[in-house]
Amino acid sequence: MNDPASPLQIVVLLSGSGTTLQAIIDEIRSGNINVEINAVISDQPDATGLTRAENVGIQTCALLPRDYPDRQGFDHALASCIDRYKPQYIVLAGYMRILGKSFVERFAGKILNIHPSLLPRFRGLDTYARVLEAGDAEHGTSVHFVTAELDGGPLIMQARVKVLDGDDEESLSARVKERERKMYPAVLNMLAAKRIEMKDGQAWLDDKPLEKPMEFDLSR
Ligand code: GAR
C-alpha cells in the first residue's frame, strides 16, 4: 500500500502540442497537486509535448506505430515501455491513437483520458465542429476512466461551457481548454488523495459509486 502522502506516479501519453501536459507540470511545480510525472510517451516523434517534458527534465520516449507490424505488437511495446516507469496511472493528454483491448485490459482502471465533449455526446473526433453543426447550447470536456469502448469508460468529472452566438471552433476550444487545464490536474490530485478509483466497472468517489460525473467549476 502506498503512503497516501506520497506523490501519485504517472506516465503521460500525448500526440500533440501538450498544453494539457504543461498545465499538469505547472500545477506540480507550483506545489498545488501531489503528482509526479515519471515519463512522457508519444506516438509522434516531433510532438511539442515531448519538448515541454524535456525542458523540465522529464524522461521522454517516442514509440512509433509504423515501427511495429501490427496493433498488438505496438501495444505490447507500449506496455513494456510504460512498465519501466512503474506508474500508478497512465494519463492520456491528447493521445490520438486508439489503444487496443488487451492493452486497456492489462491496465484496467488505471488509465485516464480527457475528451473535449460532454460525453456520452460526441465521442470520437472533431467535437467542436460537430457541436456547432448540431446547434447545441452547451459544450464542454470530460475526464473518464478508459475502457475498451472508445470514449465510453466511466465518467469522473465534466466542465461545461455555453456555446455563444458567433462562436467558431477556435473560440469554443479556447474556453474548453481553459477548463481542461484546471480540471485534469484537479482530478489527478483527487486520485493522489485516493478519493477516486474505478471498481466494478464504475467510478467511485470517497468509497461510494459515483452516480453522475462531478461538475467542475472554473471559479473554485
Ligand atoms: C485536449 O483538448 C484534449 O481534450 C484532446 O486533445 C487536446 C490535447 O491538447 N483529447 C482528445 O481529443 C482525445 N480524444 P494538447 O495537445 O494541447 O494538450
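From a predicted model like this one, the values you see are computed outputs, not experimental measurements. Counting convention: from 1, in listed order, for ligands and their atoms alike.
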(request) Check each protein residue for a heavy atom under 4.0 Å from ligand 1 and list those that pass, ordered by chain and number. (result)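 The answer is G16, S17, G18, T19, T20, G94, M96, I114, H115, P116, K177, E180, counting any residue whose heavy atom sits under 4.0 Å from ligand 1.
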
(request) Check whether any side-chain heavy atom of P154 sits under 4.5 Å from a side-chain heavy atom of L210, and report yes or no. (result)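 Sidechains of L210 and P154: no contact.
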
(message) Using the salt bridge (charged side-chain N to carboxylate O under 4.0 Å, His left out) criterion, which residues pair with K162? Sequence neighbours excluded.
(response)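 Here no residue qualifies.
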
(message) Main chain of Q158, side chain of S142: is a donor-acceptor contact present, judged purely on distance under 3.5 Å?
(response)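 No, S142 side chain to Q158 backbone: no donor-acceptor pair under 3.5 Å.
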
(message) For the backbone of E169 and the side chain of S173, can you confirm whether one donor and one acceptor N or O come within less than 3.5 Å of each other?
(response)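 Checked: pair present.
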
(message) Is it the case that the side chains of D168 and S171 hold a donor-acceptor pair, with the cut-off being a distance below 3.5 Å and no angle test?
(response)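 Present: a donor and an acceptor within the cut-off.
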
(message) Testing the 3.5 Å rule here: is there a donor-acceptor pair between the side chains of T20 and E180?
(response)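 Checked: T20/E180 side chains show no N/O donor-acceptor pair below 3.5 Å.
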
